[in-house]
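Here's the structure, in structure tokens; my notes come after.
Lettering of chains follows the sequences in order, A, B, ..., and the numbering in each one begins at 1. Because only heavy atoms are used, hydrogens play no part in the values below, and waters and symmetry mates are left out as well, while side chains stay in.
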Number of protein chains: 2
Amino acid sequence: MDTRERLIESTRELLWERGYVGTSPKAIQAHSGAGQGSMYHHFSGKHDLALAAITRNAEDLRARAEAAFTQRGPAFDRIAAYLRRERDALRGCPVGRLTQDPDVMADSALRKPVEDTFAWLTDRIAGILAEESRLDPRTTATALVAVLQGGYVLARAAGSADVYADAVDGALGLLEGHLPEGN
Amino acid sequence: MDTRERLIESTRELLWERGYVGTSPKAIQAHSGAGQGSMYHHFSGKHDLALAAITRNAEDLRARAEAAFTQRGPAFDRIAAYLRRERDALRGCPVGRLTQDPDVMADSALRKPVEDTFAWLTDRIAGILAEESRLDPRTTATALVAVLQGGYVLARAAGSADVYADAVDGALGLLEGHLPEGN
DNA sequence: GTCTATACATGGATAGAC
DNA sequence: GTCTATCCATGTATAGAC
């Protein structure tokens, strides 16, 4: 992995863990092993580097989600597969966490990937729901995505990944009866 | 309001808006109109002041929630009243947002009010659900609290409070049929 | 109780040598 | 491309006068 790549990957990690406000150029350099000069050679500054990292986090989320959704099977199963996908719940969502960062939300370039990601995700799930239920697709999909994001919040508050699993189980319990299940 | 009180209230505002990492003593002084000397006279430092502010945010959340839950009526209505309570969705939850702050989560004193608040809230809702349904109270309550917290995340991502309302509507739509409704 | 002065580290970036 | 030196603002706190 070349220096530029290491800088982006380190920034992804640090943004995930500490957010934009909490991540300093110095910390990125230390984490990536790149020097001051290197960083400012490859990127114009913290903002530029963060944009690259956030964009990649967003692409990554999308690709992983799509992998769960394109499995074959009934809607309930595909949604359950996505919600139950292996996750490090205590780390939270690398995209969702950015919504709490005032400097990210105040900057339209940094904010756009975040906005687009959740718009896409909600739409994608709404499409799946529309195939097989009479639930309102948009509001139901929004609620399901919210369970994910809120599940992370609660897991972190409790210091236990089990709470994330509880939130998902609760949501799937509510879905039962509204969607035809596959087994 | 005396100086000490103004310092706490200003810190509550700033923690809500910018988090712990993003809030400087200087910003607190400017917002509260208190001088450097005043702040360090009343509190030992940023940490001490944040503890007072976080504690108060937690008490506040609890009191407001309790007000919705103690209304009379069937479980569905009391829960709907809480979820639909007037909120400034774009500002997010003053307690939930702290879960994204690495310095808060790493400090057991600052973290405890956050942990306790969500444990209480989930339990409280589980108790209401247990009265009138065969849903699993704990997981269902966890999912409902997660919809709240996730609704804030999605509303901020979209830049629209309507998304919060969508998440709540979706969740209540899923609850229907599982709980006896009152109207 | 509040003010001003001071201190020292860090944040974020630029300049120029190699 | 990478390194070191340098820069100025800010973060966070202490000291001591009033």
Partners passing side-chain contact (heavy atoms from CB on, under 4.5 Å) against [X] (at least two apart in sequence or in another chain):
X	result
B:Ala50	B:Leu15, B:Tyr20, B:Leu110
A:Ser44	A:Asp48
A:Thr70	A:Glu66, A:Arg124

Original post:
For A:Arg111, what residues pass the salt bridge (Lys or Arg N to Asp or Glu O under 4.0 Å) criterion, not counting sequence neighbours?
Top reply: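 Checked A:Arg111 against salt bridge (Lys or Arg N to Asp or Glu O under 4.0 Å); matches are A:Glu115.
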Subject >> A:Asp103: salt bridge (Lys or Arg N to Asp or Glu O under 4.0 Å) partners, not counting sequence neighbours >> reply: B:Arg18
Original post:
Would you say the side-chain atoms of B:Arg62 pair up with the backbone N or O of B:Thr117, donor to acceptor, closer than 3.5 Å?
Top reply: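 Pair absent, no side-chain N/O of B:Arg62 close to backbone of B:Thr117.
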**OP:** Using a 4.0 Å heavy-atom cut-off, write out nucleotides 2-18 of chain C from 5' to 3' as B (base contacted by protein), S (sugar-phosphate only) or - (no contact).
**Re:** BBB------SSBB----
**OP:** Tell me which residues in residues 48-56 of chain B put a heavy atom below 4.0 Å from DNA chain C, sorted by number, or none.
**Re:** none
For [X], which fellow cluster members are found when Ile, Leu, Val, Met, Phe, Trp and Tyr are connected by side-chain heavy-atom distances below 4.5 angstrom, either directly or through intermediates?
X	result
B:Met1	none
A:Val147	B:Val147
A:Ile8	A:Leu7, A:Leu14, A:Ile28, A:Met39, A:Tyr40, A:Phe43, A:Leu49

Original post:
By a strict heavy-atom criterion of less than 4.0 Å, which residues belonging to residues 99-112 of chain A are in contact with DNA chain D?
Top reply: none
Original post:
What salt bridge (charged side-chain N to carboxylate O under 4.0 Å, His left out) pairs are there with at least one residue in residues 132-146 of chain A, not counting sequence neighbours?
Top reply: A:Arg138-B:Asp166
